[in-house]
Q: 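One structure coming up, written as structure tokens, with questions to follow.
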Amino acid sequence: MSALPPSVERIELDELVCWRVQVGDGTLLVAQQGAQILHYQQGTQAPIIWLSEQARYQRGQSVRGGAPVCWPWFGGLTRNPAAVQAMHSNPASAPAHGNVRGLDWQLLGIDQHDGAVTLQFAFDSRKHPLPDWPHAAELQLDIRLDQQLHLELRSRNLGTQPLVLSQALHTYFAVSDIRDVRVHGLDGCRYIETLEDWQERQQQGALGFTGETDRIYLDTPTRLSIVDPGWQRRILLDARGSRSAVLWNPWIDKAKRLSQFAEDAWQRMLCIETANIWDDCVTLAPGASHSLCLSLSSEPL
């Protein structure tokens, strides 16, 4: 029996326009707001990308879970390097993770070729100026589904002065139990322990989880993996244009304070945020561009 051809369907979830894509046994759901991936799953296995059971689909508000785009800065702006803060006229009032997560992007096109589907979204700050960020830039996210999921986030400086930014693909991964999984590929990497006075430390061996985690890893390799014995799988993250990553899980106490987040949801998710942050920030000369790329797949243990 031949496989069904790729399909793309426009749907609405509450206030948000979304796109549902099917390629082979892979399914993908993307919201046009923020060009945010909400769901990715291969076949009958558990989803690879986690979406909160309490997610709300409201205009102007990022959906909890999926893969929000953090741009043109990551995290709290005042924690960014001075050059990134200098792009903003009032860093102390800037929202965390930039502005584009809660804004509508333009759908440039949907391409079906060689059994794959690519969605192209763009955000242009000339057409939609960002508050207190007076710069001309274009952001494009290409989302390609074939046997894997591929993301390419391209930033282009359309202004006449250098542009400095930090950014991340804030990806939430689904896991069977955070207490049992390990992240491989970080051995020997420097990291910033944000929960203990932002001290710089060095990773020893694979990373396991026994409490709240919020670390900025530096000089990261091109491949990281999540080993999940409970679901007998390994999730592979292959990155380009990135030398930094954030690993985050709120654990018990912080989970109680998060919006769109069940009190026990910390057990079922892990964020690995493929990034350009800290000493990996991006400086773009006028007319220059930068691509941050991530490919996701899974394999059995």
Side-chain angles (χ1 to χ4, degrees), residues 34-35 62 67-103 105 122-141 151-171 186 189-202 214-222 239-248 271-294:
S62 179
V69 175
C70 302
W71 187 95
W73 61 85
F74 174 85
L77 181 53
T78 57
R79 282 291 190 177
N80 277 257
V84 178
Q85 295 187 48
M87 298 291 101
H88 198 278
S89 61
N90 189 8
S93 68
H97 297 317
N99 308 85
V100 299
R101 295 180 302 159
L103 299 175
W105 292 37
F123 182 85
D124 190 329
S125 70
R126 298 170 302 178
K127 299 177 182 177
H128 304 285
L130 300 177
D132 299 318
W133 195 81
H135 307 286
E138 183 181 55
L139 189 61
Q140 181 170 330
L141 179 64
L151 311 179
E152 181 177 1
L153 183 67
R154 293 195 297 275
S155 303
R156 184 181 175 204
N157 182 4
L158 302 176
T160 59
Q161 300 296 323
L163 181 66
V164 187
L165 56 90
S166 61
Q167 60 183 353
L169 297 167
H170 193 311
T171 314
L186 295 169
C189 289
R190 296 180 296 133
Y191 69 89
I192 307 299
E193 179 53 87
T194 70
L195 299 178
E196 295 188 24
D197 298 324
W198 294 67
Q199 298 176 20
E200 182 173 313
R201 299 177 180 176
Q202 186 175 50
D214 192 354
R215 296 178 176 181
I216 300 171
Y217 279 85
L218 306 169
D219 304 319
T220 51
T222 57
R240 291 184 290 114
S242 166
R243 294 184 296 102
S244 54
V246 177
L247 277 82
W248 177 73
C271 279
I272 299 183
E273 301 155 42
T274 304
N276 295 114
I277 55 175
W278 213 248
D279 56 12
D280 183 33
C281 290
V282 174
T283 299
L284 295 176
S289 61
H290 174 270
S291 290
L292 171 63
C293 303
L294 176 65

Q: Do Asn80 side-chain atoms and Gly75 backbone N/O form a donor-acceptor pair below 3.5 Å?
A: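 The answer is no, because no donor-acceptor pair under 3.5 Å joins these two groups.
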Q: Give, for atom CG of Leu163 and atom CG of Asn157, the distance between the pair rounded to the nearest 0.5 Å.
A: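 CG of Asn157 is found 4.5 Å from CG of Leu163.
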Q: To the nearest 0.5 Å, what is the distance between CD (Gln161) and CE (Met87)?
A: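 It comes to 9.0 Å.
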Q: Assess the residue pair Thr171 and Ile272 against the criterion (side chain to side chain contact (heavy atoms under 4.5 Å, CB included)); give the C-alpha distance rounded to whole Å, side-chain angles, the decisive distance to 0.1 Å, and a yes or no.
A: CA-CA 6 Å; Thr171 314; Ile272 299 183; over 6 Å; no
Q: Roughly how far apart are Leu130 CG and Ser125 OG, rounded to 0.5 Å?
A: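 If we round to the nearest 0.5 Å, Leu130:CG and Ser125:OG are 6.0 Å apart.
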Q: Regarding Arg190 and the six-membered ring of Trp278, is the cationic atom NZ or CZ under 6.0 Å from the ring centre and inside 45° of its axis?
A: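 Verdict for Trp278: no cation-pi partner in Arg190.
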Q: Taking only residues two or more places apart in sequence, or in another chain, which ones meet Ala96 in a side-chain contact (heavy atoms from CB on, under 4.5 Å)?
A: none
Q: First locate atom CG of Leu139, then atom CZ of Arg156, and finally report the distance between them rounded to the nearest 0.5 Å.
A: 13.0 Å
Q: Only counting residues at least two apart or in another chain, list the ones meeting side-chain hydrogen bond (donor to acceptor under 3.5 Å, both in side chains) with Ser93.
A: Asn90
Q: Without swapping roles, check the side chain of Ser244 against the backbone of Ala275 for a donor-acceptor pair under 3.5 Å.
A: yes
Q: Side chains of Glu196 and Arg201, heavy atoms from C-beta outward: is any pair under 4.5 Å?
A: yes
Q: Would you name the heavy atoms of Leu141 and Leu151 that are closest together and state the gap between them?
A: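 Nearest pair, atom of Leu141 first, then Leu151: CD1-CB, 4.3 Å.
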Q: Return the set of residues passing side-chain hydrogen bond (donor to acceptor under 3.5 Å, both in side chains) with Glu193 (not counting sequence neighbours), or none when no residue passes.
A: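 If we apply the side-chain hydrogen bond (donor to acceptor under 3.5 Å, both in side chains) test to Glu193, skipping adjacent residues, the hits are Arg215.
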Q: Do Tyr191 and Leu247 have side chains that get closer than 4.5 Å, going by heavy atoms?
A: no
Q: Quick one: list whatever passes side-chain contact (heavy atoms from CB on, under 4.5 Å) with Arg243, sequence neighbours left out.
A: Asp219, Asp280
Q: Among all residues two or more places apart in sequence or in another chain, which pass the side-chain contact (heavy atoms from CB on, under 4.5 Å) test with Pro162?
A: none
Q: To check you understand the geometry: which heavy-atom pair defines the closest contact between Phe74 and His97, and what is its length?
A: CE1-CE1, 3.5 Å
Q: Which of parallel (below 30°), tilted (30 to 60°) and perpendicular (above 60°) describes His88 and Trp73?
A: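 The arrangement is perpendicular - the two ring planes meet at more than 60°.
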Q: Taking only residues two or more places apart in sequence, or in another chain, which ones meet His290 in a ring pair (Phe, Tyr, Trp, His ring centres under 6.0 Å)?
A: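 His290 satisfies ring pair (Phe, Tyr, Trp, His ring centres under 6.0 Å) with no other residue.
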Q: Sequence neighbours excluded, which residues qualify as side-chain hydrogen bond (donor to acceptor under 3.5 Å, both in side chains) partners of Ser155?
A: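 Listed in chain order: Trp71, Gln167.
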Q: Quick check for you: to the nearest 0.5 Å, what is the distance between Leu218 atom CG and Leu186 atom CG?
A: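 Interatomic distance, Leu218 CG to Leu186 CG, rounded to 0.5 Å: 10.5 Å.
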Q: Could you tell me if the side chain of Leu169 sits less than 4.5 Å from the side chain of Ser242, heavy atoms only?
A: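 A side-chain contact under 4.5 Å is absent here.
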Q: Stepwise, does the side chain to side chain contact (heavy atoms under 4.5 Å, CB included) test hold for Thr220 with Thr274?
A: CA-CA 10 Å; Thr220 51; Thr274 304; over 6 Å; no
Q: Donor-acceptor pair, distance only, cut-off 3.5 Å: does the side chain of Asp197 make one with the backbone of Gln199?
A: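 Flag not set: sc Asp197 to bb Gln199 has no pair under 3.5 Å.
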Q: First locate atom OG1 of Thr194, then atom CH2 of Trp248, and finally report the distance between them rounded to the nearest 0.5 Å.
A: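 So the gap between those two atoms works out to 11.5 Å.
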Q: Return the minimal non-hydrogen interatomic distance between Pro131 and Asn99, and the atom names on each side.
A: CD-ND2, 3.9 Å
Q: Mind checking side-chain hydrogen bond (donor to acceptor under 3.5 Å, both in side chains) for Glu152 and listing every partner two or more places apart, or none if nothing turns up?
A: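 Applying side-chain hydrogen bond (donor to acceptor under 3.5 Å, both in side chains) to Glu152 gives Arg154, Ser291.
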Q: Would you call Val69 and Trp105 a side-chain contact if the rule is heavy atoms closer than 4.5 Å?
A: yes
Q: Just jot down the side-chain contact (heavy atoms from CB on, under 4.5 Å) partners of Cys281, sequence neighbours excluded, or say none.
A: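 Only Pro81, Val84, Ser166 meet the side-chain contact (heavy atoms from CB on, under 4.5 Å) criterion with Cys281.
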